[in-house]
Amino acid sequence: MPAKASRAAFGEALLDLGARDERIVTLDADLSKSTMTVNFAKRYPGRAFNLGIAESNMIGVAAGLALTGRIPFACSFACFIVGRFETIRISVAYTNANLKIVGTHSGIAIGEDGYSQMGIEDIACIRSLPNIGIVQPADELETKQAIAYAVEHQGPLYLRLTRQNLEPVCPPDYRFQYGRWLVLRKGHDVTLIGSGGTVFNCVEAAKRLEADGISAEVINAACIKPLAEFLTDVLPTPIKRLGVHGFGESGDAKGLYAKHGLDPAGIAAGVKKFLHR
């Protein structure tokens, strides 16, 4: 299976699911070509709505459709989604609307578009709200299964997707389970927990660490909520968080991952420092 962006896998899954469930509708804020709902709109024009550059209105309309029995997917860049936090708080979380919010172009790997287009704060904001689960798939296989699950899930979900292509990491017989993490590689010295675009880098970092005599377990944390609190609340253990400190910036995706220590070499170096090796 070749590398594919999770937004592209989402668009493909939506076409298939839409053929089987007429309750599914899409809403976009003038970005359907970027969020990959454009083909759904062409095939089902009566079930696709472009609200223009008005994301707050899009979320409000989508919540209304959800409360009347539809299964709406409201889509935009992750950074634009989280900028409408108040609307999500009242119209989606408070009402527990059966709305699937899709944030594409997440993280720093969108590269040259720069910080203004990078969804970095979205997880922190949305996970603070009751009722809304957060799912960030790591490859094409997991994305398509997560979208199928989203249709069946009762209640709001936030689906965090990438623009960059994702290398396959899940085994062919993988089955997505909401609230569960997947062990991709066993190890006994340290555990690398990645989500979305960084999972493949964790796998590659584990190979580098193995060459240095460090056995690294790798876990794919596709479900960020509910479960993110598990390690600290149930199994207290020393944790080192690797991520973006400060703001993003314009640059190529590989260079930005390297700068923030999220490429395989940077992850491996962070582990060694954490273990005092």
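This chain uses plain numbering: 1 for the first residue, then up along the sequence.
Here the side chains of Phe73 and Leu14 are in contact, with some heavy-atom distance below 4.5 Å. Residues Leu192 and Val203 form no side-chain contact, since every pair of their non-hydrogen atoms from C-beta on lies 4.5 Å or further apart.
Under the 3.5 Å distance criterion, the side-chain polar atoms of Lys259 are left unmatched by any main-chain donor or acceptor of Gly251. Under a 3.5 Å cut-off, the side chain of Asn50 and the backbone N or O of Asp30 do form a donor-acceptor pair. For the pair Arg160 (side chain) and Gly119 (backbone), a donor-acceptor distance under 3.5 Å is present. A donor-acceptor pair under 3.5 Å is absent between the side-chain atoms of Ser91 and the main chain of Ala63, judged by distance alone. Although no hydrogens or angles enter the test, the distance criterion places no donor-acceptor pair under 3.5 Å between the side chain of Arg277 and the main chain of Lys273. No donor-acceptor pair closer than 3.5 Å links the side chain of Asn96 to the backbone N or O of Gly155. One N or O on the side chain of Thr68 and one on the backbone of Gly64 form a donor-acceptor pair closer than 3.5 Å. Judged by distance alone, with hydrogens and angles left aside, the side-chain atoms of Trp181 form a donor-acceptor pair with the main-chain N or O of Cys223 at under 3.5 Å. Although no hydrogens or angles enter the test, the distance criterion places a donor-acceptor pair under 3.5 Å between the side chain of Arg7 and the main chain of Ser34. In this structure, the side chain of Arg208 does not engage the main chain of Ala268 through any donor-acceptor pair within 3.5 Å.
Residues Ser215 and Gly187 share a closest heavy-atom pair of OG-CA, 3.1 Å. Closest non-hydrogen pair, Ala222 versus Pro137, comes out as CB-CA, 4.5 Å. Nearest heavy atom pair, residue Ala138 against residue Leu166, reads O-CD1, 3.3 Å. Here the shortest heavy-atom pairing between Thr37 and Cys75 reads CG2-SG, 3.7 Å.
A cation-pi arrangement is present between Arg47 and Tyr44 under the rule of less than 6.0 angstrom and at most 45 degrees off the ring axis.
Applying the salt bridge (charged side-chain N to carboxylate O under 4.0 Å, His left out) rule to pairs touching residues 128-154 yields Lys4-Glu140, Glu12-Lys144, Glu140-Lys144, sequence neighbours excluded.
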Apply salt bridge (charged side-chain N to carboxylate O under 4.0 Å, His left out) to the pair Lys254 and Asp252, showing each step before the final yes or no.
CA-CA 6 Å; Lys254 288 185 178 180; Asp252 68 275; over 6 Å; no

Go through the steps to decide whether Glu86 and Arg89 satisfy the test salt bridge (charged side-chain N to carboxylate O under 4.0 Å, His left out), and finish with yes or no.
CA-CA 5 Å; Glu86 176 63 15; Arg89 173 177 170 263; 3.2 Å; yes

Given the rule in the side chain to side chain donor-acceptor pair (under 3.5 Å) test, do Asp28 and Thr35 qualify, once you have shown the distances and angles that lead to the verdict?
CA-CA 8 Å; Asp28 275 279; Thr35 62; 2.7 Å; yes

Check the pair Lys186 / Glu217 against salt bridge (charged side-chain N to carboxylate O under 4.0 Å, His left out), numbers first and verdict last.
CA-CA 4 Å; Lys186 293 187 177 182; Glu217 180 184 42; over 6 Å; no

Carefully, step by step, assess Ser195 and Gln136 under the rule side chain to side chain donor-acceptor pair (under 3.5 Å).
CA-CA 6 Å; Ser195 184; Gln136 179 170 229; 2.8 Å; yes

Show the numbers, then the answer: is there a salt bridge (charged side-chain N to carboxylate O under 4.0 Å, His left out) between Asp212 and Lys272?
CA-CA 9 Å; Asp212 291 328; Lys272 291 178 185 177; 2.4 Å; yes

Verdict with reasoning, Thr87 to Ser56, per side chain to side chain donor-acceptor pair (under 3.5 Å)
CA-CA 6 Å; Thr87 306; Ser56 184; 2.6 Å; yes

Does Asn131 form a side chain to side chain donor-acceptor pair (under 3.5 Å) with Tyr94? I'd like the steps, not just the answer.
CA-CA 8 Å; Asn131 297 329; Tyr94 185 66; over 6 Å; no

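In this structure, the separation between CG on Leu67 and CG on Asn98 is 9.0 Å, given to the nearest 0.5 Å. With rounding to the nearest 0.5 angstrom, the CZ atom of Phe77 is 13.0 Å from the CG atom of Asp122. Here the CD1-CD1 distance, from Ile147 to Ile24, works out to 10.0 Å after rounding to the nearest 0.5 Å. Rounded to the nearest 0.5 angstrom, Ser6 OG and Met36 CE are separated by 10.0 Å. Note: Asp263 CG to Tyr257 OH = 10.0 Å, rounded to the nearest 0.5 Å.
By the criterion of side-chain heavy atoms lying less than 4.5 angstrom apart, applied directly or through intervening Ile, Leu, Val, Met, Phe, Trp or Tyr residues, Val82 is not grouped with Leu31; the two fall into different hydrophobic clusters. Hydrophobic clustering, with ILVMFWY side chains joined whenever heavy atoms are under 4.5 angstrom apart, groups Ile71 together with Phe176. At a threshold of 4.5 Å between side-chain heavy atoms, the hydrophobic network of Ile, Leu, Val, Met, Phe, Trp and Tyr places Ile88 and Ile134 in one connected group. Linking Ile, Leu, Val, Met, Phe, Trp and Tyr whenever their side-chain heavy atoms come within less than 4.5 Å puts Ile81 and Phe49 in one cluster. The same ILVMFWY cluster, assembled from side-chain heavy atoms under 4.5 Å apart, contains both Met58 and Ile132.
Here the rule is side chain to side chain contact (heavy atoms under 4.5 Å, CB included) with Cys202, and of Val169, Val218, Ile193 only Val218 fits it.
Using a 4.0 Å cut-off between charged nitrogen and carboxylate oxygen, Arg20 and Asp16 count as a salt-bridge pair. At a threshold of 4.0 Å, the pair Lys207-Glu204 counts as salt-bridged, since one of the basic side-chain nitrogens sits closer than that to a carboxylate oxygen.
Taking the six-membered ring where tryptophan is involved, the planes of Tyr149 and Tyr178 are essentially parallel, since the angle between them stays under 30° and well short of 60°.
Applying the 6.0 Å contact sphere to CG of Leu275 captures more than 12 heavy atoms from other residues, nucleotides or ligands. The neighbour count for Phe274 CZ, taken as heavy atoms of other residues, nucleotides or ligands under 6.0 Å away, is above 12. Within a 6.0 Å radius of CD in Glu112, more than 12 heavy atoms belonging to other residues, nucleotides or ligands are found.
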